[in-house]
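Here is the naming used below: chain letters follow the sequence lines, and residue numbers restart at 1 for every chain.
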Number of protein chains: 2
Amino acid sequence: MTAEQDGAPKQQTAKALTGLRDLVLKGEVLPGERLSEVALAARLKVSRTPLRAALQKLEQEGLVVMIPSGGYAVRSFSRQDVIDAIELRGVLEGTAARLAAERGVPPAKLKAISDVVANLDGVVEPGPGAMDFGRYEMLNERFHRQLAALCGSDVLSREIERITSLPFASPNAFVNTEADVPAFQRTLVVAQTQHRAIIAAIELREGARAEALAREHARLARQNLDFVMEEQPDLRSKVLALALMSG
Amino acid sequence: MTAEQDGAPKQQTAKALTGLRDLVLKGEVLPGERLSEVALAARLKVSRTPLRAALQKLEQEGLVVMIPSGGYAVRSFSRQDVIDAIELRGVLEGTAARLAAERGVPPAKLKAISDVVANLDGVVEPGPGAMDFGRYEMLNERFHRQLAALCGSDVLSREIERITSLPFASPNAFVNTEADVPAFQRTLVVAQTQHRAIIAAIELREGARAEALAREHARLARQNLDFVMEEQPDLRSKVLALALMSG
DNA sequence: TCTTGACATAATGTATACATTATGCACTTC
DNA sequence: GAAGTGCATAATGTATACATTATGTCAAGA
């Protein structure tokens with residue numbers, strides 16, 4: 001038996017990818033430190049070959065960087081990097097919204113995303129019991145995914161997917177935190193208002209407004225970032241997405 | 001001798017990368033066709049391992065796509081894909097210009113890019129003899145590269161570099177063609193005017209204007225694309241960057 | 001004749017052996 | 001005592017062997 005014993009032969013690289021991503025995001029490998037291939041391969045129970053494939057993919061995602069002398073290291077992000085990534089998500093989602101408005105959207109797609117917005121209303125509306133943040137997270141991701149695909153451009157949706165793969169640039173990056181901070185819960189109401197407005201602008205073919213709204217929507221993430229960093233630093237450990245940020 | 005005989009040991013993947021890119025761009029491997037690893041490895045005189053690394057990098061650049069059943073194929077781009085890639089370059093360069101204006105630029109960087117613009121003046125100005133398109137190409141690439149780095153955001157410049165790696169989204173994609181078409185030469189004058197205006201807007205901290213100008217600047221590429229496709233289809237073969245475009 | 005099945009072939013995915021290069025440590029020398 | 005050199009060790013980059021899976025062909029049956 002030269003090949004693998006347990007998993008399917010083609011999924012070793014997937015196993016390495018998810019395992020490695022977990023190690024990075026959970027902070028079990030520190031930024032800047034050189035990632036030993038043999039050690040990681042042993043730890044993840046895969047061979048070096050699929051591990052190297054996973055490292056390359058993670059470099060493409062931006063989580064690790066190549067060391068000039070060879071090998072890889074966990075990338076460390078400055079606060080400015082986080083700000084820029086959020087800004088960039090706003091710009092790209094803004095472009096998706098503008099192009100959708102300018103070029104028009106097939107009714108089926110418009111109905112699908114409108115349904116998501118309607119479902120989000122049910123989550124955000126103050127009702128009996130606590131707000132279901134898990135459900136919000138799921139619907140919010142679905143909204144942003146559908147928005148990225150709304151204008152039908154593969155080139156654009158690929159790019160949005162790329163920048164969104166950075167955990168702190170994800171639309172849900174700060175949602176987990178909000179559960180613990182009552183003041184944050186109200187930002188979800190604002191966010192949902194923006195969701196509605198973006199779709200309305202697209203339906204009305206108001207491209208500039210749709211773009212501006214989507215940009216401002218991403219800006220909420222930056223607001224949350226600033227709040228965590230400057231007013232409640234103790235919250236920072238609760239935001240898993242910020243584990244990669246130094247400083 | 002198990003290792004390589006000729007090249008340096010760490011540069012086999014670079015050799016595979018450039019060689020494979022050439023094969024794709026020169027159209028020696030047709031879009032949609034499955035890329036045989038063994039055949040390519042033999043053709044490029046490298047082993048399968050660095051070849052696979054190169055394939056992964058090219059997938060990240062967007063030139064090839066994974067086949068669900070395994071392996072890779074040359075990606076085929078529709079005309080809409082080309083349009084979207086150009087639009088996206090405009091959006092990203094616009095963001096670079098806006099952020100540079102909003103955040104300010106260190107004088108050294110500003111002087112460097114201003115010098116490039118000044119040198120471009122010398123190329124575009126109608127003087128004795130034919131226009132030096134090679135020099136324009138070099139300076140134009142330098143201008144766009146410096147613009148991408150002007151605001152100092154690694155996240156943004158990485159993204160611009162990515163989209164620009166698609167040959168038809170490169171700032172120089174249509175410059176080669178212009179040499180053959182006198183009417184096109186005047187577009188270089190317009191382009192240079194826009195170069196000047198973008199830098200001026202950044203110096204004046206006029207972010208919105210800088211962004212709009214950079215977007216409009218990319219739009220020149222789309223104009224050239226439309227001209228080639230609709231008015232002079234025979235020119236299409238001269239634009240190497242369009243070899244990947246189907247339809 | 002068309003469809004379906006099995007089989008042979010070839011190609012990918014994985015594992016591992018090998019060669020080169022980088023890195024850390026000890027020793028020598030100034 | 002500090003700095004530079006040489007060597008041993010370990011890690012990366014590359015090549016290749018192996019196992020599984022996909023694919024195309026041929027034949028048999030409807």
Side-chain angles (χ1 to χ4, degrees), chain A residues 1-21 23-24 28-61 63-75, chain B residues 1-21 23-24 28-61 63-75:
Chain A
M1 75 190 172
T2 313
E4 88 301 337
Q5 306 103 303
D6 48 349
K10 183 172 160 183
Q11 305 177 354
Q12 295 301 100
T13 174
K15 184 177 171 185
L17 190 61
T18 61
L20 193 50
R21 214 193 323 251
L23 287 182
V24 173
E28 304 198 32
V29 284
L30 297 157
E33 102 177 78
R34 190 192 194 121
L35 296 170
S36 168
E37 292 181 359
V38 286
L40 285 176
R43 190 165 179 182
L44 299 174
K45 304 276 186 55
V46 295
S47 177
R48 276 184 60 209
T49 306
L51 180 84
R52 283 173 70 87
L55 281 169
Q56 278 195 257
K57 274 221 158 69
L58 254 61
E59 191 214 5
Q60 149 188 3
E61 288 187 14
L63 287 184
V64 304
V65 289
M66 278 198 58
I67 300 175
S69 61
Y72 294 89
V74 179
R75 180 167 169 196
Chain B
M1 70 185 181
T2 312
E4 88 302 336
Q5 305 104 304
D6 47 349
K10 184 172 158 184
Q11 306 177 353
Q12 297 298 101
T13 174
K15 184 176 172 185
L17 191 60
T18 60
L20 194 49
R21 216 195 319 256
L23 287 183
V24 173
E28 303 198 31
V29 285
L30 297 158
E33 103 177 77
R34 190 193 194 121
L35 296 169
S36 166
E37 292 181 359
V38 285
L40 285 176
R43 191 165 178 181
L44 298 175
K45 304 276 186 54
V46 295
S47 178
R48 276 183 59 207
T49 306
L51 180 84
R52 284 172 69 87
L55 280 169
Q56 278 194 257
K57 274 222 158 70
L58 254 61
E59 191 215 4
Q60 148 188 6
E61 288 187 15
L63 286 184
V64 303
V65 290
M66 278 198 58
I67 300 175
S69 61
Y72 295 88
V74 179
R75 180 168 169 195

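- Under the side chain to side chain contact (heavy atoms under 4.5 Å, CB included) rule, B:R75 has a single partner from B:L58, B:L63, B:V65, which is B:V65.
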task = Begin with the C-alpha distance, continue with both residues' side-chain angles, and end with the deciding distance and a verdict on salt bridge (Lys or Arg N to Asp or Glu O under 4.0 Å) for A:E28 and A:R43.
result = CA-CA 12 Å; A:E28 304 198 32; A:R43 190 165 179 182; 2.8 Å; yes
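- Atom CD in A:Q12 sits roughly 14 Å away from atom C1' in C:dT16 (whole-Å rounding).
- Atom CD of B:Q11 is separated from atom C1' of D:dA15 by 17 Å (rounded to the nearest Å).
- A salt bridge does not link A:R52 with A:E59: none of the charged nitrogens is closer than 4.0 Å to a carboxylate oxygen.
- Rounded to whole angstrom, the span from the CG atom of B:L55 across to the C1' atom of C:dT12 amounts to 12 Å.
- Distance, B:Q56 CD to D:dT14 P: 13 Å, rounded to whole Å.
- Atom CZ of B:R34 is separated from atom P of C:dA10 by 14 Å (rounded to the nearest Å).
- With hydrogens and angles left out, the side chain of A:T49 and the base of C:dA15 share a donor-acceptor pair within 3.5 Å.
- For A:R52 and D:dA11, the CZ to P distance is 14 Å, given to the nearest whole Å.
- Of the side-chain N and O atoms in A:S47, none sit less than 4.0 angstrom from OP1 or OP2 of C:dT14.
- Candidate nucleotides D:dT12, D:dT14, C:dT14 were compared by shortest atom distance to the side chain of B:P50, and D:dT14 ranks first.
- Using a 4.0 Å heavy-atom criterion, one finds that B:L35 contacts the sugar-phosphate atoms exclusively.
- Projected onto DNA chain C by closest heavy-atom contact, A:R48 and B:R48 fall at different nucleotides, the more 5' of which corresponds to B:R48.
- The closest donor-acceptor contact from the side chain of B:E33 to the backbone of B:L30 lies under 3.5 Å.
- In this entry the distance linking CG of B:L44 with P of D:dA15 reads 12 Å, nearest Å.
- With rounding to whole Å, B:K57 atom NZ is found 13 Å from D:dG13 atom C1'.
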